[in-house]
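Take a look at the structure set out below.
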Amino acid sequence: MGAIRVVAGVLRIEVHDASSVRPKVRRAGGDDEAGRGLWLVEQLSQRWGCCPRAGGIGKAVWALVGPAAGQRSHPVRESAIGNAVRTDGP
């Protein structure tokens, strides 16, 4: 489960699960088949975090993704289903 929405011109991506174990960034070895996901989130996002899930079971992990400082962002609007949609073409 998750949610995607635009907040103050920045894309907020959130995923939920029923585990109360907080995620940790780790360095995966070249032959490891897992362990790169949160490292990628950390590298690609402006900020990320973890908080208790609304309703009390599990956690939510969120990330804010947007243009780097000084870059022009594309105008976006939130569609009826909550997805970010560019308004200036592909």
Side-chain angles (χ1 to χ4, degrees):
M1 276 256 242
I4 299 174
R5 63 185 176 165
V6 176
V7 177
V10 177
L11 183 64
R12 180 184 168 100
I13 303 168
E14 185 174 299
V15 294
H16 309 167
D17 68 25
S19 171
S20 60
V21 177
R22 295 183 66 85
K24 294 179 186 174
V25 178
R26 63 185 185 119
R27 183 175 295 262
D31 294 331
D32 290 349
E33 294 183 10
R36 293 173 184 83
L38 199 52
W39 181 84
L40 285 169
V41 168
E42 184 174 67
Q43 299 303 305
L44 297 172
S45 67
Q46 294 176 357
R47 289 181 30 212
W48 71 273
C50 180
C51 58
R53 186 175 181 187
I57 297 175
K59 66 182 173 295
V61 178
W62 55 268
L64 301 179
V65 181
Q71 289 185 342
R72 180 178 171 265
S73 63
H74 296 285
V76 294
R77 65 175 170 78
E78 196 166 316
S79 73
I81 59 172
N83 295 327
V85 178
R86 282 182 58 168
T87 60
D88 67 340

- Message: Once rounded to the nearest 0.5 Å, what's the spacing between atom NE2 of H16 and atom SG of C51?
- Response: 7.5 Å
- Message: Is it the case that over 12 heavy atoms from other parts of the model lie below 6.0 angstrom from the CZ atom of R36?
- Response: yes
- Item | Results of side-chain contact (heavy atoms from CB on, under 4.5 Å) for L38 - residues two or more places apart only | P23, V25, V41, W48
- Message: A side-chain contact here means heavy atoms from C-beta on lying under 4.5 Å apart; do V61 and C50 qualify?
- Response: yes
- How close do W62 and R47 get, heavy atom to heavy atom, and via which atoms? CH2-NH2, 3.6 Å
- State, with a plain yes or no, whether a side-chain heavy atom of L44 is found less than 4.5 Å away from one of V65. no
- For the residue pair S20 and K59, establish whether any side-chain heavy-atom pair is separated by less than 4.5 Å. no
- What one should report as the nearest heavy-atom pair of A18 and R53 is N-NH1, 4.2 Å
- Query: Taking everything shown except L40 itself, do over 12 heavy atoms lie less than 6.0 Å from its CG?
  - Reply: yes
- From R5 atom CZ to I13 atom CD1, the distance as rounded to the nearest 0.5 Å: 12.0 Å
- Query: For Q43, does the CD atom sit with more than 12 other heavy atoms under 6.0 Å from it, leaving out its own atoms?
  - Reply: yes
- Task: Considering non-hydrogen atoms only, spot the tightest contact between A63 and S45 and give its length.
- Result: CB-CB, 4.0 Å
